[in-house]
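Quick notes on the structure that follows.
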Protein chains: 2
Amino acid sequence: MSRPTIYDVARESGFSIKTVSRVINEAPNVRKETVDRVRAAIELLQYHPDPAAQRLGGGKLPTIGVLVDSIDDPFFAQVVAVIEARAMDVGMDVLVASTGMDETRLRMQIQRLARRGVAGLVVAPFGEPEHVSAALPDDVPVVVIDRRCGVTDKDVVRVTDEQGATDAVRHLVARGHRRIGFLGKTSAFNTLEDRYTGYEKALAEAGIEVDARLVETRAWTADEAYPYALAMLATADAPTAVFAASPMMGLGVLRAQQRLHRQDVALVIFGDYPVAELMTPPTTVIDQRPSALADTAFDLLARRIQDPAAEVLDTVLPTLLVPRGSGELAPRADS
Amino acid sequence: MSRPTIYDVARESGFSIKTVSRVINEAPNVRKETVDRVRAAIELLQYHPDPAAQRLGGGKLPTIGVLVDSIDDPFFAQVVAVIEARAMDVGMDVLVASTGMDETRLRMQIQRLARRGVAGLVVAPFGEPEHVSAALPDDVPVVVIDRRCGVTDKDVVRVTDEQGATDAVRHLVARGHRRIGFLGKTSAFNTLEDRYTGYEKALAEAGIEVDARLVETRAWTADEAYPYALAMLATADAPTAVFAASPMMGLGVLRAQQRLHRQDVALVIFGDYPVAELMTPPTTVIDQRPSALADTAFDLLARRIQDPAAEVLDTVLPTLLVPRGSGELAPRADS
DNA sequence: CGGGGTGTTGACAGCGCTGTCATACCGCCA
DNA sequence: TGGCGGTATGACAGCGCTGTCAACACCCCG
């Protein structure tokens with residue numbers, strides 16, 4: 001009546017449950033004919049092993065946990081989507097959890113997922129290195145994505161934050177811009193710090209001095225960025241171009257531009273976002289390529305699950321400058 | 001060394017594992033003092049029951065499964081996010097899975113989730129009613145979201161598709177539009193069919209006859225919609241307004257508008273999307289309010305988990321017309 | 001022809017928990 | 001005082017699987 005168990009398969013096939021178990025797990029030293037007979041019984045009964053039972057007595061769930069800031073952030077949504085797709089291919093499923101950018105919750109969620117017996121964890125951490133390191137479990141394979149957070153004993157996949165930012169600002173400089181604004185809460189993550197460094201570097205290359213009035217590092221959300229962007233764009237010596245160090249900063253700038261009816265300010269945003277190509281003008285972005293990041297993270301996780309002692313890797317993927325229009329605007333004539 | 005088990009708590013507290021189990025499950029007939037002593041031991045050892053073991057021998061995992069078309073669709077991403085948040089509040093976690101709009105995969109994923117022993121399932125189905133009904137399990141609580149698909153024996157949460165569409169088209173008619181295009185693959189879902197009905201109804205009210213040249217029901221993705229939208233907007237007697245029956249159709253139209261440099265065509269899209277308010281002009285939408293939908297779905301699921309025999313509910317939530325600009329454009333003077 | 005692999009299979013004990021049933025004790029009434 | 005019902009607790013058998021170890025059949029070699 002209920003789901004068939006390994007005992008039903010054993011009875012049906014005429015072998016012991018252990019042999020059935022061997023067939024399920026593709027263990028060596030089972031005669032080909034035996035395998036076939038057991039397989040036939042499995043097929044006949046539509047048997048599927050119970051993951052919870054498999055997990056008992058050692059073992060892990062065929063499940064991988066994904067912990068991100070927020071699931072409906074387009075960047076993370078894509079990460080989750082790719083990981084889910086990859087996991088499905090190998091018969092695993094995905095537990096999602098979010099931190100809401102709360103350190104206590106980050107900790108709690110990691111513990112919960114680990115307790116669930118997941119085979120591996122993909123985590124986008126944040127916060128102080130010592131806290132993060134303490135929060136990450138040592139008995140479960142973990143891959144850290146997007147933000148390093150000082151973690152050195154786990155595999156990490158991230159992007160070239162500094163280089164990407166440099167690319168962005170160089171791109172603007174090449175169009176003739178000299179007054180280039182920066183928005184991004186550099187104190188929040190090392191990634192944003194790196195992006196600021198990239199900004200500085202590109203300016204230095206061009207012999208442009210950093211103008212503190214064009215650098216805004218206090219805002220974190222789009223709502224917070226908006227008034228700053230508004231102020232920055234409204235001043236007398238407003239920047240002719242802006243580098244938004246995150247999509248949220250970008251949204252703040254776009255809102256400000258809309259409010260001021262200023263579509264002439266060049267803009268490059270670090271991080272692609274949906275329908276960026278349909279904006280007026282279409283937004284030039286530094287694409288962090290979340291799919292590639294997630295793909296790599298999955299590969300690394302699979303590798304570590306298979307070999308927990310493998311060498312710890314810090315993978316840095318290149319970003320991609322996607323020119324769409326907003327980053328190619330020339331400086332206003334009157335500035 | 002390893003995680004403490006119920007035996008450790010039993011030893012520490014001086015009671016049997018069964019009594020500890022009773023305390024964990026808040027069973028009746030346990031002396032208050034005993035409860036306190038056991039709780040203290042649990043606290044001391046930082047004990048947490050193993051969900052996999054709890055699930056064995058009857059029982060369900062403290063987990064709810066969510067199955068949607070695609071996790072990085074903004075609509076579904078928000079649904080997943082809300083459900084994850086609600087689940088976390090009650091100590092459950094969330095398994096995500098996607099169908100990729102493949103019927104076989106829909107079936108497979110449902111079976112996988114059911115086998116995992118989830119306590120409940122939230123599913124956005126599609127396809128023929130008989131297939132969908134066959135695919136949905138009867139031994140696991142299920143809530144169907146967004147699309148009814150002929151399901152009658154499960155709780156359903158959806159929105160007023162027809163009314164929303166009528167609202168949208170009435171809104172356009174009220175601005176003076178008489179030639180109003182429709183895009184949406186009506187054969188795909190009952191929801192799209194309903195939206196078409198709403199379109200027809202609003203036109204009929206206004207005494208406008210449906211012009212077959214303004215109705216495009218073949219496209220499903222944004223890529224497919226684009227050429228149709230292009231064709232529709234480029235003809236001599238092009239519509240002065242368009243009702244896009246889904247966000248994907250909307251993207252197709254927006255691309256066409258961008259391509260043709262036509263920002264004068266009024267547009268209402270069924271379904272909100274990120275940064276719609278930053279478009280030029282900002283896009284007027286019929287908001288399906290995914291958060292409310294997910295909230296309701298969670299409530300219904302909780303209710304059904306608690307009482308599997310509860311009356312089956314078909315909940316229809318209202319949509320919300322959000323005027324932002326594109327839907328308030330007047331007809332072009334020359335049409 | 002015996003000894004020592006190697007390949008194939010099964011018996012059985014857990015894994016960490018909950019359900020069933022038994023036990024011990026209490027107060028109470030006849 | 002015996003017995004009954006109710007409360008508090010524990011012993012023990014599963015749940016469905018995998019790990020350990022033993023058993024048995026072969027085969028090759030000396």
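Everything numeric in this text was worked out from a predicted model, so none of it was measured. The analysis underlying the following values was restricted to heavy atoms, covering all of them including side chains, and did not include hydrogens, waters or symmetry mates. Per chain, numbering begins at 1; letters A, B, ... match sequence-line order.
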Output yes when at least one side-chain N/O atom of [X] is less than 4.0 Å from OP1 or OP2 of [N], else no.
X        : N       : result
Ser21(A) : dT18(D) : yes
Thr19(A) : dT9(C)  : no
Thr5(B)  : dG16(C) : no
Tyr47(B) : dC17(C) : yes
Asn29(A) : dT6(C)  : no

Indicate, with a heavy-atom threshold strictly under 4.0 Å, whether [X] touches base, sugar-phosphate, or nothing.
X        : value
Phe15(B) : sugar-phosphate
Ile17(B) : base
Pro28(B) : nothing

Test applied, side-chain contact (heavy atoms from CB on, under 4.5 Å); reference residue, Val9(B); option that passes from Val23(B), Thr19(B), Val20(B) |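 The side-chain contact (heavy atoms from CB on, under 4.5 Å) with Val9(B) is passed solely by Val20(B) among Val23(B), Thr19(B), Val20(B).
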Rounded to whole Å, how long is the line connecting atom [atom1] of [X] with atom [atom2] of [N]?
X         : N       : atom1 : atom2 : value
Arg116(A) : dG16(C) : CZ    : P     : 16 Å
Arg3(A)   : dC17(D) : CZ    : C1'   : 11 Å
Tyr7(A)   : dT18(D) : OH    : P     : 11 Å
Ile24(A)  : dC17(D) : CD1   : P     : 6 Å
Leu61(A)  : dT18(D) : CG    : P     : 13 Å
Ile42(B)  : dC17(C) : CD1   : C1'   : 13 Å
Arg11(B)  : dG16(C) : CZ    : C1'   : 13 Å
Glu33(A)  : dT8(C)  : CD    : P     : 12 Å

Please tell me which of the listed nucleotides, [options], lies nearest to the side chain of [X]?
X        : options                   : result
Asp50(B) : dG10(D), dC17(C), dC12(C) : dC17(C)
Thr34(A) : dT7(D), dT8(C), dT18(C)   : dT8(C)
Lys18(B) : dG16(D), dG19(C), dG16(C) : dG19(C)
Ile6(A)  : dT8(C), dA11(C), dT18(D)  : dT18(D)

Position toward the 5' end of DNA chain C (nearest nucleotide), Leu56(A) or Gln54(B) |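 Going by which nucleotide is closer to the 5' end, it is Leu56(A).
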Contact check, side chains of [X] and [Y], non-hydrogen atoms, under 4.5 Å:
X         : Y         : result
Asp314(B) : Arg158(B) : yes
Cys149(B) : Val144(B) : no
Asp146(A) : Phe76(A)  : yes

Looking just at side-chain N and O atoms, do Gln109(A) and Ser98(A) make a donor-acceptor pair shorter than 3.5 Å?
->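 There is no such pair (donor and acceptor under 3.5 Å, judged by atom type) between the side chains of Gln109(A) and Ser98(A).
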Please indicate whether Glu311(B) has more than 12 foreign heavy atoms, meaning atoms of other residues, nucleotides or ligands, lying under 6.0 Å from its CD.
->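 Open.
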Does Arg22(B) get its side chain close enough to the base of dG10(D), under 3.5 Å, for a donor-acceptor pair?
->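 By the distance-only test, yes, there is a pair.
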